[in-house]
Amino acid sequence: MKKLIYFIALGFFFLSADLAFAQSTKEEVKKEQEAIKAEKKAAKAEKKAAKKELADVKKMEKQARNLEKAEKKLAKLEQKASKTDAKRARQQAKYDKAKRRGKASEAQLLKMEVDLKKLELDLVNLNNDIVEQRRTVEKLRY
């Protein structure tokens with residue numbers, strides 16, 4: 001009978017040792033799972049940050065391209081305005097000369113006046129476009 005009690009006690013001892021080992025293994029597995037979850041969260045956050053950074057870089061590149069285009073357009077408008085102003089000045093000189101000499105007919109003078117008014121209108125429109133384009137350039141710069 002003593003042997004039986006001894007075997008039963010010994011069985012409970014090994015059973016409790018197995019349970020303790022199983023408990024510690026279960027806790028280790030939990031810790032590992034939590035570490036894996038934390039790593040996944042960190043990787044996800046890093047990926048999100050990388051995507052955001054890439055989007056910011058693309059946005060800045062697009063803004064730089066738009067600024068470059070706007071500056072080119074502004075330069076072209078200013079050049080066109082300069083040419084139109086020079087043309088208007090030449091036409092004005094021709095008109096004044098023709099009017100002073102009196103050789104041009106009334107119809108020719110009227111046509112020259114209309115042409116001058118058209119050039120002045122074109123110049124006003126170009127100046128408005130230049131002002132608008134300068135605003136665009138300033139918006140894109142800042």
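Positions are given from 1 along the sequence. All figures in this text were calculated on a predicted structure; none of them were measured in a lab.
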Does any part of the side chain of Lys72, heavy atoms only, come nearer than 4.5 Å to the side chain of Glu68, both counted from C-beta? yes
Taking only residues two or more places apart in sequence or in another chain, which ones pass salt bridge (charged side-chain N to carboxylate O under 4.0 Å, His left out) with Glu132? none
Inspect the contact between Glu78 and Arg134 and indicate whether a charged nitrogen and a carboxylate oxygen are less than 4.0 angstrom apart. yes
Should Gln133 and Asp129 be marked as a side-chain contact (heavy atoms from CB on, under 4.5 Å) after you check the CA-CA gap, both sets of side-chain angles, and the distance that decides it? CA-CA 6 Å; Gln133 194 63 28; Asp129 291 345; over 6 Å; no
So CD of Gln33 and NZ of Lys40: to nearest 0.5 Å the spacing works out to 9.5 Å
N/O donor-acceptor pair under 3.5 Å between Gln63 side chain and Leu140 backbone: yes
Does Arg141 come within less than 4.0 Å of Glu138, counting only side-chain N to carboxylate O? yes
Using distance alone, with no hydrogens and no angle criterion, decide if Asp96 and Gln92 have a side-chain donor and acceptor under 3.5 Å apart. yes
What's the verdict on side-chain contact (heavy atoms from CB on, under 4.5 Å) for Lys83 and Gln79, showing C-alpha distance, side-chain angles and the deciding distance? CA-CA 6 Å; Lys83 287 180 180 179; Gln79 185 180 20; 4.1 Å; yes
Quick one: does Leu67's side chain get under 4.5 Å of Glu71's, heavy atoms only? yes
Using residues 105-125 as the side-chain source, report each donor-acceptor pair under 3.5 Å to any protein atom, sequence neighbours left out, with the distance given to one decimal.
residue, atom, partner, partner atom, Å
Ser105, OG, Gln108, N, 3.3
Gln108, OE1, Ser105, N, 3.0
Lys111, NZ, Asp115, OD2, 3.3
Glu113, OE2, Tyr95, OH, 2.5
Asn125, ND2, Leu121, O, 3.4

Answer whether the closest heavy-atom distance between the side chains of Lys58 and Leu54 falls below 4.5 Å. yes
To check you understand the geometry: which heavy-atom pair defines the closest contact between Ala81 and Ile130, and what is its length? CB-CD1, 3.7 Å
